[in-house]
Amino acid sequence: MYSDLLANLNPEQREAVTLPPVNENGQAQSALILAGAGSGKTRVLTTRIAWLIQTGQVSPIGVLAVTFTNKAAKEMMLRLSAMLPINTRGMWIGTFHGLCNRLLRAHHKEAGLPSTFQILDTQDQLSAIKRLLKGLKVDDEKYPPKQLQYFIAHAKERGQRAKELSVGDDFQAKMAQLYEAYDEQCQREGVVDFAELLLRSYELLKHNEAIRTHYQERFRHILIDEFQDTNALQYAWLKLLSGHDASRVNVSGMGSSAVFAVGDDDQSIYAFRGADVENMRLYEKQYHPMMVKLEQNYRSHGHILDTANYLISNNTDRLGKNLRTDAGHGELVRIYDAPSDHAEAAWLVDEIKALVSSGIKRTEIALLYRSNAQSRIIEHALFSAAIPYRVYGGLRFFERAEIKHALAYLRLLENPNDDTSFSRVVNFPTRGIGARSIEAVQDAARAQNSSLYLAASTLDGKAGASLGGFVRLVDHMREATRYNTLPETVEFVIQNSGLIQHYLSEREGQDRVENLQELINAATAFIAEEGYGQDATAATLPGENAPGVVEVSPLAAFLSHASLEAGDNQAQAGQDAVQLMTVHSAKGLEFTSVFITGLEEGLFPHENSINEQHGLEEERRLMYVAITRAKERLYLSHTQSRMLHGQVRYNMPSRFLEELPCDSLKWLTPKVKDARWGGTGNGNGGRSGSTWQDGYTRQREFGSNDFFDSGNERERPARQIGRVGSASTAVTRMAAPPRGNYPFTIGQNVFHTKFGEGRVTGLEGNDADARAQVNFKRHGVKWLQLSIAKLAAID
DNA sequence: GGAACACACGTTTTT
DNA sequence: CGTGTGTTCC
């Protein structure tokens, strides 16, 4: 019986899993599960599928489950096959892009694509755009490729083709025109970008009734993870497929499908890439789902959870949810105030050493930051202290240049019209095909409206000879590998293209050679995992039983795989290393100990988000995500000065620190140094001090150094004050009381070129480290390094 | 064809 | 300040 499936669920999880998918009128009943951080969301989603299948309400082929990452999809399949004796490989569980790819492969003709269509990743798309602009002789200063890329992606994510755009001005009109030209170029070359995968399959379903009806009637249950991260196109896609769209023709009278959406509006942190939380409200309105809230948290101890709840309650416009735990209060959340970014890093090192010697595994320690630029200084400190660390978010395996080169050759075997791939490797390794030849072939291709590959064989003269050689090389490789297995093909291509040889002769090429060899292994692993037989000539997409048999060669499948799943984005897995990552990439992860660093105004919340409500609330959700990563111990740190863009900046502590419950906090340093609370109260936007309720002195007596002997529980470490403007010459010294040798006095009115008028409220340090605290009329309280700041006395 | 130089740019990221 | 990209020069 299925009861054992439900045995380990709490009541709210069980309720969610067993929500009736059909209402009293026999119609499909959708559901919305508001799943807080660490509430067992994946478990509920997976168990729901298992429950539906085990109770005979649907067969595995009638389920469609959508996730945002391959990792989540794999996890789901893994757990599902542990619950039920079924082959999950055949099920439609995957990412939006993966599933759309599957759909388009199965119906490429109806979708207007060649069977060999290739997928452009972000890099490929950008180079395709650059090539387009060059071909059209468009000024890329006026129409920056990056901006056009963004323009196209966002239009597609809203479901709009170039022709449907309403253009306000000449610039937009030109952008729309370039968008159209880009789509034509892609069509000619037989390539699709990421957004195109979705838009094209949406249009396929919308315009092809037979296919639409087939899938609508097949997928009686549609489950979606991370619903708060869906964009407009994904929502429309879902609506169409679930039959909640006006275009549905209800042939068999089955009605619409039951949608089971799981999400957390408080963890919506991807608005910048088109995600729209409004979809949750829209869904509520249009699907009338039954709602279940998962508020029992299994991850964090009480103080950490209280901190998260308290913070997020500052957001307006939430669907409303409060996490609770049975784990007890646990430890207080620690806050550290560092004088500089160097000092912050030094403190991190000390604290990590202490944690490790207390028995915590390094992999259980996460160092989070708002932006990648912050990692360097931390890395430097960790490196110097010989603490192993791992940074998330670098180049992934399939994104490496040498791998992209090898894949470009492989793609040309499949689809010679792929001009992006052609351009990438036509002269790599160099084979004497210079700019002149490339221009000639581009002109010829334009004249004939053909691909570069086809145009190359029509050229004569010097360009014709060299390009002909390249075409023959590719043709030869295609011919020679016709009956090879995929790994054999990969090996043949990296050898015969000259890639291996090229990198072998390069001084720094050894890693690249190893990566190329790893690509052979990846191909071998792919064949094994995807269940292809030894016959490499053709294979059926596993589990496919859509109308028409899908024949996809292992090579084509491998190339799709390489585009859709760029590989691990974490280096050297397995080693016991401290984990460094942005808050964004920490989403979905958990650690025993978490450090959230750089909690300063302008950094976190980021200055670009500070001025509008939406931006600020998203930053707050980001902070919420960061806090809820911690299981047992959470540290929050901020610094008074930080090197950013080659300039030292003095930021106020993050406003988020003020939005935390004091009863759950513990300061490792006295807060009197905090400019935010040290000021006279104006310039703080009325946010000063009032929320604190603990025993610490909030108001600082300016100019005094009472904090050096105040009763903090931990000895203040030697302060490391980076000499402004040259981080490498940072000197460590004990902070000394001011000697009184300052160009300004407390109470004096001063003028700063950037911050305007203000009054000196504090002075400290000596000589090069002399600093003044100034309360600016318009910018609040700041500490300024006197050797740097352009500060003038006004009388 | 590759190194040296100049210059621009600087939130977050998955597919 | 540091990186990545594009250009120029040998």
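In the text below, chain A, chain B and the rest are named by the order of the sequence lines, each starting its count at 1. Remember, predicted model here, so these are calculated numbers, not experimental data.
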I'd like to know if A:E439 and A:R436 make a salt bridge, using a cut-off of under 4.0 Å between side-chain N and carboxylate O. no
Here the distance between atom C1' of B:dG1 and atom OH of A:Y503, to the nearest Å, is 15 Å
Using a 3.5 Å distance criterion without hydrogens, assess whether the side chain of A:T88 forms a donor-acceptor pair with backbone atoms of A:M91. no
Strictly under 6.0 Å, is that where the ring centroids of A:H108 and A:F117 end up? no
Taking the ring of A:H638 and the ring of A:F604, is the distance between their centroids below 6.0 Å? no
Distance between C1' atoms of B:dT11 and C:dG6 (Å, rounded): 24 Å
Output yes when A:D229 and A:K587 qualify as a salt bridge under the 4.0 Å nitrogen-oxygen rule, no when they do not. yes
If you assign A:E565 and A:I433 each to the DNA chain B nucleotide with the nearest heavy atom, which residue ends up on the more 5' nucleotide? A:I433
For the residue pair A:E619 / A:S609, report whether a side-chain donor-acceptor contact shorter than 3.5 Å exists. yes
Whole angstrom value for the distance that separates C1' of B:dT14 from CG of A:L99: 15 Å
Would you mind telling me which of B:dT13, B:dG1, B:dT15 lies closest to the side-chain atoms of A:F272? B:dT13
What about the rings of A:F272 and A:H584, do their centers lie closer together than 6.0 Å? yes
Determine the Euclidean distance between corresponding P atoms of B:dT13 and C:dG4; express it in Å to zero decimal places. 15 Å
Heavy atoms under 4.0 Å, any strand shown: does A:T122 hit a base, just sugar-phosphate, or nothing? base
Produce the list of close N/O pairs, under 3.5 Å, pairing protein atoms with atoms of nucleotides 2-4 of chain B; give distances to one decimal.
from	atom 1	to	atom 2	distance (Å)
B:dA3	OP1	A:R507	NH2	3.0

So, does A:Y182 use its side chain to make a donor-acceptor pair with the main chain of A:L132 at under 3.5 Å? no
Taking A:R200 for its side chain and A:A111 for its backbone only, find out whether a donor-acceptor pair lies under 3.5 Å. yes
Would you mind reading off the distance between A:D341 atom CG and C:dG2 atom P, rounded to a whole angstrom? 11 Å
Could you tell me whether A:F96 contacts a base, only the sugar-phosphate backbone, or nothing, with contacts defined as non-hydrogen atoms closer than 4.0 Å? nothing
Protein-nucleotides 6-10 of chain C N/O pairs under 3.5 Å:
from	atom 1	to	atom 2	distance (Å)
C:dG6	OP1	A:K130	NZ	2.9

To the nearest angstrom, how far is A:F398 atom CZ from B:dT15 atom P? 13 Å
Looking at A:K156 and A:D183, is any side-chain nitrogen of the basic one under 4.0 Å from a carboxylate oxygen of the acidic one? yes
To the nearest Å, how far apart are A:K156 NZ and B:dT15 C1'? 14 Å
salt_bridge(A:K41, A:D264) N-O dist < 4.0 Å: no
Rounding to an integer number of Å, can you tell me how far A:Q647 CD sits from C:dC1 C1'? 10 Å
Rounded to the nearest Å, what distance is computed from the CD atom of residue A:E157 to the C1' atom of nucleotide B:dT15? 10 Å
So, OP1 or OP2 of B:dG1: does either fall under 4.0 Å of a side-chain N or O from A:R431? no
Atom pair CG/NE2 of A:L205 and A:H107 - distance to nearest 0.5 Å: 8.0 Å
Taking only nitrogen or oxygen atoms into account, show me every contact under 3.5 Å that the protein makes with nucleotides 6-11 of chain B, one pair per line with its distance.
from	atom 1	to	atom 2	distance (Å)
B:dG10	N3	A:H645	ND1	3.1
B:dT11	O4'	A:H606	NE2	3.2
B:dT11	O2	A:R370	NH1	3.1
B:dT11	O2	A:R370	NH2	2.2

May I ask you to say what A:N70 touches in the nucleic acid, namely base, sugar-phosphate or nothing, with a heavy-atom cut-off under 4.0 Å? sugar-phosphate
Take the protein atom CD of A:Q374 and the nucleotide atom C1' of B:dT12, then report the distance between them rounded to whole Å. 11 Å
